[in-house]
Student: 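Pasting a structure below so you can have a look.
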Amino acid sequence: MAKAKSGKQKKIFSPFLVSLAALTGWAAVHEPANFTNPAIAGAWLLEALAVGLLVRATLAVLSPVVKLCGEMFQIITGKSRLHSHGDAEP
């Protein structure tokens with residue numbers, strides 16, 4: 001039996017994985033020299049979490065904007081194609 005296709009569109013990237021990559025990348029670059037002081041280690045972890053949350057929030061805001069720009073581009077290019085084909089025919 002064939003599976004029924006879902007109505008969801010396939011995502012290009014996962015926002016969770018992008019934010020996790022940003023979090024770990026920032027944490028690796030800004031790693032403290034030693035973890036003997038729990039305050040420094042805690043601050044480092046909180047800062048890494050903040051970076052991950054900021055990236056996630058940025059993606060949440062930019063995703064609809066990028067989608068809207070893509071739809072506008074498709075509308076503009078679709079209309080320009082119709083006008084160029086309409087002018088060529090008598």
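For the single chain, residues carry numbers from 1 onward in sequence order.
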Student: Report yes or no: do Leu54 and Leu59 belong to one cluster of Ile/Leu/Val/Met/Phe/Trp/Tyr joined by side chain heavy-atom distances under 4.5 Å?
Tutor: no

Student: Taking side-chain contact (heavy atoms from CB on, under 4.5 Å) as the test, write out the residues that go with Ala27, two or more places apart.
Tutor: Trp44, Ala48

Student: Give a yes or no on whether Phe35 atom CZ has more than 12 heavy-atom contacts from other residues, nucleotides or ligands under 6.0 Å away.
Tutor: yes

Student: Test: side-chain hydrogen bond (donor to acceptor under 3.5 Å, both in side chains). Region: residues 21-32. Which pairs qualify, not counting sequence neighbours?
Tutor: Trp26-His30

Student: Which heavy-atom pair separates Val55 from Ala22 by the least distance, and what is that distance?
Tutor: CG2-CB, 3.6 Å

Student: Please name all residues satisfying side-chain contact (heavy atoms from CB on, under 4.5 Å) with Asn34, sequence neighbours left out, ordered by chain then number.
Tutor: Thr36

Student: Do you know which of Thr77, Ile76, Ile75 makes side-chain contact (heavy atoms from CB on, under 4.5 Å) with Phe73?
Tutor: Thr77

Student: Please report the shortest heavy-atom distance between Ile40 and Pro32, naming the atom on each side.
Tutor: CG2-CB, 3.9 Å

Student: As an exercise, state the distance from CG of Leu62 to NZ of Lys67, rounded to the nearest 0.5 Å.
Tutor: 13.0 Å

